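Computed from a predicted structure; not experimentally measured. Throughout, a chain's letter reflects where its sequence line sits, starting with A, and its residues are numbered from 1. Only heavy atoms go into these numbers, but all of them, side chains included; no hydrogens, no water, no symmetry mates.
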Number of protein chains: 2
Amino acid sequence: MSAGSRLPDDVEPDTCAAFRDALDRVGSKWGIAIIAAATESPIRFAELHRSIPGISRRMLTLTLRTLERDGLITRTVHPTVPPQVEYTATPLAEELFASTRALSDWAENNHEKVAAARAAYDDNEAARAR
Amino acid sequence: MSAGSRLPDDVEPDTCAAFRDALDRVGSKWGIAIIAAATESPIRFAELHRSIPGISRRMLTLTLRTLERDGLITRTVHPTVPPQVEYTATPLAEELFASTRALSDWAENNHEKVAAARAAYDDNEAARAR
DNA sequence: CCGTATCCCCGACGATACTG
DNA sequence: CAGTATCGTCGGGGATACGG
């Protein structure tokens, strides 16, 4: 975009800014799990709560609200007794979820390499401490 | 892996666990920016500090250590006076960075949709409050 | 030039109890 | 069933100052 600069090349701020932006949408502790659970079939609050181990009702509510606000989740209230509420991931969320795959795959494929690097690093540290 | 269950289909925990795992590596505030700045050419501490606006020396050091520990950044000390240290992203980090692209692209392409969704939601909220 | 050491703040998250 | 209210914790990250 810019003409050449003399510096060794500046960082592209746009790319990593966009990444941070994505994280603001889906980087929270439960965001992705909720979207994953709500893709392709509507799911009720209690089901959601059951299918995501460890989440509290509070965080479920909060995260759902954020996702809804960002247009990633649709909330449908059926005025029955007892009340019934269904959540569905929007197409936007499904695209987002798909874009997540590359990163997940990387993590899955390279988890061991990272673990090995850590072990080596920590070993070195321990040795240095002696 | 498991035989079929009767439930409406449980979430795949592996996928989103892997995503969370990736975030543990590169989800910190400055992680990606540092990797981006250190790809394809070694870069010195001070240069890094200059090319990433807003980062403190403290966070630069801390994040670099984590990345180094995970095998994503290589640290090379040249024993000169004054001291000179160069950081380079490893091939592993470059793969990781590449896997980041899909998400960044999504954010760039859909930023406006999200903004619109927010505006609509907040409008609704404001109306409901009256 | 390349970091470390301290102190502090704030927002994400969890636990628990209550409500329509 | 589907939330809300309140309180407390914990750690990431910023400001500042010092050291090799």
Side-chain angles (χ1 to χ4, degrees), chain A residues 8 16-17 19-34 37-38 42-70 73-88 121 125 128-129, chain B residues 7-8 16-17 19-20 22-34 37-38 42-70 73-88 121 125 128-129:
Chain A
C16 73
F19 181 69
R20 299 258 90 236
D21 197 56
L23 287 195
D24 285 345
R25 251 103 238 160
V26 87
S28 72
K29 188 168 180 185
W30 306 104
I32 273 290
I34 292 180
I43 183 170
R44 299 181 55 181
F45 188 88
E47 280 183 277
L48 218 34
H49 188 232
R50 259 175 270 122
S51 79
I52 303 178
I55 195 173
S56 65
R57 288 208 299 286
R58 177 184 133 87
M59 283 319 295
L60 183 51
T61 306
L62 283 177
T63 312
L64 279 169
R65 290 289 175 277
T66 317
L67 295 173
E68 193 193 353
R69 189 166 105 105
D70 288 347
I73 287 282
T74 306
R75 180 173 180 264
T76 315
V77 181
H78 302 273
T80 62
V81 174
Q84 177 169 349
V85 183
E86 285 188 334
Y87 294 94
T88 318
Y121 183 92
E125 277 304 277
R128 246 186 35 90
Chain B
L7 289 177
C16 74
F19 181 69
R20 298 258 91 235
L23 287 195
D24 285 345
R25 251 102 236 162
V26 88
S28 72
K29 187 168 181 185
W30 306 104
I32 274 291
I34 292 179
I43 183 171
R44 299 181 55 182
F45 187 88
E47 280 183 278
L48 218 35
H49 189 231
R50 258 174 270 122
S51 78
I52 303 177
I55 196 173
S56 65
R57 286 206 300 286
R58 178 185 132 87
M59 285 317 296
L60 182 51
T61 306
L62 282 178
T63 312
L64 279 169
R65 289 292 176 274
T66 317
L67 295 173
E68 192 194 353
R69 189 167 106 104
D70 288 347
I73 287 283
T74 306
R75 180 171 181 265
T76 315
V77 181
H78 301 273
T80 60
V81 174
Q84 176 168 350
V85 183
E86 285 189 334
Y87 294 94
T88 318
Y121 184 93
E125 275 305 276
R128 247 186 35 89

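- The nearest pair of heavy atoms linking T88(A) to P42(A) is OG1-CB, 3.6 Å.
- Bounding nucleotides for the chain B contact on DNA chain C, 5' to 3', at a heavy-atom distance below 4.0 Å, are dC1(C) to dT6(C).
- For the pair V85(A)/T76(A), no side-chain contact is recorded, criterion being any heavy-atom separation below 4.5 Å from C-beta on.
- Contact annotation: the side chain of V26(B) approaches that of F19(A) to within less than 4.5 Å [non-hydrogen atoms, C-beta and beyond].
- Rounded to the nearest 0.5 angstrom, I34(B) CD1 and I73(B) CD1 are separated by 7.0 Å.
- Between the T66(A) side chain and the L62(A) main chain, a donor and an acceptor come within less than 3.5 Å of each other.
- In terms of the side-chain contact (heavy atoms from CB on, under 4.5 Å) criterion, residue partners of R57(B) (sequence neighbours excluded) are, by chain and number, F45(B), H49(B).
- For DNA chain D, the outermost nucleotides in 5' to 3' order that have an atom under 4.0 Å from a heavy atom of chain A are dC1(D) to dT6(D).
- Nearest-nucleotide mapping onto DNA chain D: of R57(A) and P83(B), the residue sitting toward the 5' end is R57(A).
- Both T63(B) and R65(A) sit near DNA chain D, but only R65(A) has its closest nucleotide nearer the 5' end.
- Using a 4.0 Å heavy-atom distance criterion, R44(A) is classed as a sugar-phosphate-only contact.
- Salt bridge absent: E47(A) and R50(A) never bring a charged side-chain N and a carboxylate O closer than 4.0 Å.
- Atom-to-atom distance recorded for R65(A):CZ and E125(B):CD is 8.5 Å, nearest 0.5 angstrom.
- Taking the nucleotide of DNA chain C with the nearest heavy atom to each of W30(A) and P82(B), the more 5' of the two is matched to P82(B).
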